[in-house]
Amino acid sequence: MTSNSPFHRLAFMALVQIGALVIAGSVAAQQVSIDFGDQSSLTLRSIQLFALITLLSLAPGLAIMVTCFPFMVTVFSILRQAIGLQQAPPNMMIISLAMFLTYFVMEPVFSQAWAEGITPLIANEISPEQAFQLAMAPFQEFMQARINPDTLTTLTNARPGSGAANSLMPDLPTLVPAFLLSEVQRAFEIGFLIFLPFLIIDLVVAAVLMSMGMMMVPPAIVSLPFKLAFFVVADGWALLSGALVRSYF
């Protein structure tokens, strides 16, 4: 095969075309420039992005504050301590159970907030400020029905001039902490009632061990199977969950 064969000529032409494309691409790459706008617009966008990331990171915590989740998870944590278990059920299971029960209780509130605030906003019928007020209205009604009046009065007097005492619906800075404190107080009241039967079992077991002279045996270890059996026979999880849910309706 000679150097003047058609195959060599085609290969030479292909190499020439590839070289031309590479040169043209390098020239075009040198001419590319990125314009981010002026310095003020770039700074504004950075601030908006930072605010958005901060809001997204705080959104789960803010959503939990206006629901029944604090009440549910506090009661279940007290129940675990009353039985005498340290890691059973684990924290993840308690939090998951509290979250699903919270969704079960709050589903009508979520649906109303979505229909009144989010849906018109998506349809560009209202502004974001109006959508926030309409979406928060169902949560404010829910929290208002669960607030302890004494707790609300204490917080209102702690910040004079807020105007919450003279209005039918307190503002959010007063409503949310009053709701959280009321829910935690109610959870501790229920926790006291939960502790009583398990405390009686501990006292009975401790008295029996003392009468038998078995003072070296920890009463908590001996009473644990009896407390578990009592809780299972009484169907404690279903009874407690049903009572917690019914307290909101």
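To the nearest 0.5 Å, atom CE of residue Met72 and atom CG of residue Leu240 are 9.0 Å apart. Summarising the geometry, atom CE belonging to Met99 is positioned 11.5 Å from atom CG belonging to Leu101; distances are rounded to the nearest 0.5 Å. Distance check, rounded to the nearest 0.5 Å: CD1 of Ile83 to CZ of Phe195 gives 10.0 Å.
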For this session: Go through the steps to decide whether Phe110 and Thr67 satisfy the test side-chain contact (heavy atoms from CB on, under 4.5 Å), and finish with yes or no.
Result: CA-CA 10 Å; Phe110 293 153; Thr67 62; 4.1 Å; yes
Problem set entry | Working for side-chain contact (heavy atoms from CB on, under 4.5 Å), residues Leu244 and Val105 | CA-CA 10 Å; Leu244 295 180; Val105 173; over 6 Å; no
For this session: Test side-chain contact (heavy atoms from CB on, under 4.5 Å) on Ile95 and Phe69 and set out the steps.
Result: CA-CA 9 Å; Ile95 293 175; Phe69 179 81; 3.9 Å; yes
For this session: Begin with the C-alpha distance, continue with both residues' side-chain angles, and end with the deciding distance and a verdict on side-chain contact (heavy atoms from CB on, under 4.5 Å) for Ile122 and Trp114.
Result: CA-CA 10 Å; Ile122 296 176; Trp114 181 272; 4.2 Å; yes
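Within a 6.0 Å sphere centred on CE of Met136, other residues, nucleotides and ligands contribute more than 12 heavy atoms.
Contact check for Met106 versus Phe139: side-chain heavy atoms found under the 4.5 Å cut-off. Between Leu155 and Leu181 the shortest side-chain heavy-atom distance falls below 4.5 Å.
The closest donor-acceptor contact from the side chain of Ser182 to the backbone of Ile147 lies at 3.5 Å or more, if one exists at all. The closest donor-acceptor contact from the side chain of Thr74 to the backbone of Ala187 lies at 3.5 Å or more, if one exists at all. Looking at Ser211, its side chain does come within 3.5 Å of a backbone N or O of Val208 through a donor-acceptor pair. No donor-acceptor pair under 3.5 Å is formed between the side chain of Arg80 and the backbone N or O of Ile94. Judged purely by atom type and a 3.5 angstrom limit, Lys227 has no side-chain atom pairing as donor or acceptor with the backbone of Phe198.
Side-chain contact of Glu107 with Ser111: a donor-acceptor pair under 3.5 Å is present, judged by distance alone.
Looking at Arg186 and Glu189, no side-chain N of the basic residue comes within less than 4.0 Å of a carboxylate O on the acidic one, giving no salt bridge.
Relative orientation of the Trp237 and Phe76 rings is tilted, given thresholds of 30° and 60° on the angle between their planes.
Linking ILVMFWY residues whenever their side-chain heavy atoms come closer than 4.5 Å, directly or via other members, places Tyr103 and Met143 in the same cluster.
For the pair Arg146 and Phe179, the cation does not sit on the ring face, since its NZ or CZ is not both under 6.0 Å from the ring centre and inside 45° of the axis.
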